[in-house]
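Whatever order the structure lists them in is the order used to number ligands and atoms, beginning at 1. Since the structure is predicted, the reported quantities are computational estimates derived from the model, not experimental observations.
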Amino acid sequence: MTTRTVLITGGNRGIGYAIAEEFVAQGHRVAVTSRSGSGGPDGALTVAGDVTDAASIDAAFTAVEAELGPVEVIVANAGITRDTLVLRMSEDDFTDVIDTNLTGAFRLVKRASKGMLKARFGRVIFISSVVGLYGGAGQVNYSASKAALVGMARSLTRELGARGLTANVVAPGFIETEMTAELPEAQQAEYRKAIPAGRFASAAEVAKVVAWIASDDAGYISGAVIPVDGGLGMGH
Ligand SMILES: NC(=O)c1ccc[n+]([C@@H]2O[C@H](COP(=O)([O-])OP(=O)(O)OC[C@H]3O[C@@H](n4cnc5c(N)ncnc54)[C@H](OP(=O)(O)O)[C@@H]3O)[C@@H](O)[C@H]2O)c1
């Protein structure tokens with residue numbers, strides 16, 4: 001196993017925190033961003049970073065590079081929801097979600113790609129969602145932002161694939177985090193019924209897949225969408 005320098009956005013809680021824990025456990029050099037500048041797991045460097053602000057992302061990268069060396073793996077994990085039915089969805093509800101989930105991922109890739117091209121190695125991993133391809137009532141903004149990450153990964157693959165970079169999408173289903181805890185209990189029960197596995201996943205189950213996609217073993221996989229959804233989105 002080659003030890004890598006890994007940067008995960010939104011690593012202070014939820015799936016991002018679990019991803020950081022997994023990379024740390026595997027012995028990599030790990031940094032996370034959080035908006036407050038604290039809160040990552042033990043063994044990871046936590047730096048301040050807001051994905052809606054390119055200067056903040058640039059500063060986060062500069063701090064990580066100074067401490068841990070060139071960033072070889074990025075995980076665009078930071079994300080938000082502003083769920084509401086389309087008739088009630090304001091333009092701000094839409095653009096705020098796009099700005100964080102999609103443009104935020106672009107800002108990250110843009111800042112990372114120069115170093116990756118120089119090194120002729122890079123792993124870009126986007127945390128999308130089953131909802132990106134499956135759709136979700138009340139999630140026009142969120143699902144559009146998550147579907148677009150697939151196009152981004154595939155375009156990056158075509159653009160930079162010959163230079164040692166891979167770009168993939170991990171699409172979690174329902175994961176036990178604060179994001180899903182906010183859903184009403186009845187809705188959670190309904191989702192559980194629709195999931196062939198009959199349960200939500202732990203964040204650690206997503207983290208294992210992300211770490212594998214970044215590993216030497218997955219070097220010939222690019223432009224893929226890898227579901228971690230208990231069978232919910234089969235074929236989507
Ligand atoms: N939970 C699920 O079931 C599920 C399913 C599919 C996909 N996902 C995706 O997985 C990712 C993580 O979700 P989660 O459930 O772990 O969510 P979460 O518990 O709500 O955590 C979201 C993370 O994103 C960060 N974040 C939000 N806006 C940010 C910004 N502008 N700049 C930097 N960081 C920002 C948050 O930081 P703060 O602490 O500062 O707010 C937090 O660390 C998201 O992209 C989500 O869409 C989740």
Side-chain angles (χ1 to χ4, degrees), residues 7-22 31-41 44 46-61 64 74-83 92 95-108 111 124-136 138-139 141-150 152-153 169-183 187-188 191-192 194-195 197 199-207 209-210 225-230 232-233 236:
L7 175 59
I8 302 140
T9 59
N12 54 311
R13 59 194 171 92
I15 295 172
Y17 187 96
I19 293 170
E21 277 187 311
E22 180 60 30
V32 303
T33 69
S34 80
R35 281 187 284 193
S36 66
S38 62
T46 306
V47 295
D50 185 329
V51 298
T52 63
D53 175 357
S56 162
I57 289 303
D58 181 43
F61 262 83
V64 172
I74 52 169
V75 184
N77 166 77
I80 58 168
T81 51
R82 294 271 186 279
D83 293 357
D92 281 349
T95 55
D96 285 355
V97 169
I98 298 290
D99 194 31
T100 298
N101 299 5
L102 178 59
T103 319
F106 166 73
R107 292 182 186 102
L108 194 69
R111 178 59 178 81
V124 177
I125 300 154
F126 298 110
I127 306 301
S128 176
S129 166
V130 64
V131 163
L133 299 178
Y134 195 73
Q139 297 196 297
N141 47 3
Y142 182 77
S143 64
S145 74
K146 294 299 187 180
L149 294 173
V150 178
M152 199 184 286
V169 171
V170 172
F174 289 92
I175 315 299
E176 285 159 352
T177 63
E178 287 170 37
M179 199 178 259
T180 46
E182 277 173 21
L183 298 168
Q187 205 176 338
Q188 290 194 35
Y191 286 142
R192 258 185 218 103
I195 300 166
R199 63 175 182 88
F200 289 0
S202 70
E205 289 177 287
V206 179
V209 175
V210 172
V225 180
I226 298 154
V228 186
D229 63 2
L232 178 62
H236 290 278

Considering non-hydrogen atoms only, spot the tightest contact between T81 and V97 and give its length.
C-CG2, 4.2 Å
Could you tell me if any non-hydrogen atom of T100 lies under 4.0 Å from any atom of ligand 1?
yes
If we only consider heavy atoms of G173, is any one of them less than 4.0 Å away from an atom in ligand 1?
yes
Where the closest heavy atom to [atom] is concerned, which of [options] has it?
{"atom": "atom 1 (N) of ligand 1", "options": "T177, V75, V206", "value": "T177"}
{"atom": "atom 28 (N) of ligand 1", "options": "R13, R107, R35", "value": "R35"}
{"atom": "atom 22 (C) of ligand 1", "options": "S56, G132, G14, G79", "value": "G79"}

With respect to V51, determine whether any N or O atom, backbone or side chain, lies less than 3.5 Å from an N or O atom of ligand 1.
yes
Looking only at distances, please establish whether an N/O atom of ligand 1 is found under 3.5 Å from an N/O atom of I175.
yes
Using modelled atom types only, decide if a donor and an acceptor are shared between the side chain of T180 and the backbone of I175 within a distance under 3.5 Å.
yes
The criterion is side-chain hydrogen bond (donor to acceptor under 3.5 Å, both in side chains); which residues satisfy it with Q139, sequence neighbours excluded?
D83
Excluding sequence neighbours, so at least two apart, what forms side chain to side chain contact (heavy atoms under 4.5 Å, CB included) with Q187?
L183, P184, Y191
Just to be sure I read this right, does ligand 1 sit under 4.0 Å from the backbone of S128, its side chain, both, or neither, counting only heavy atoms?
backbone
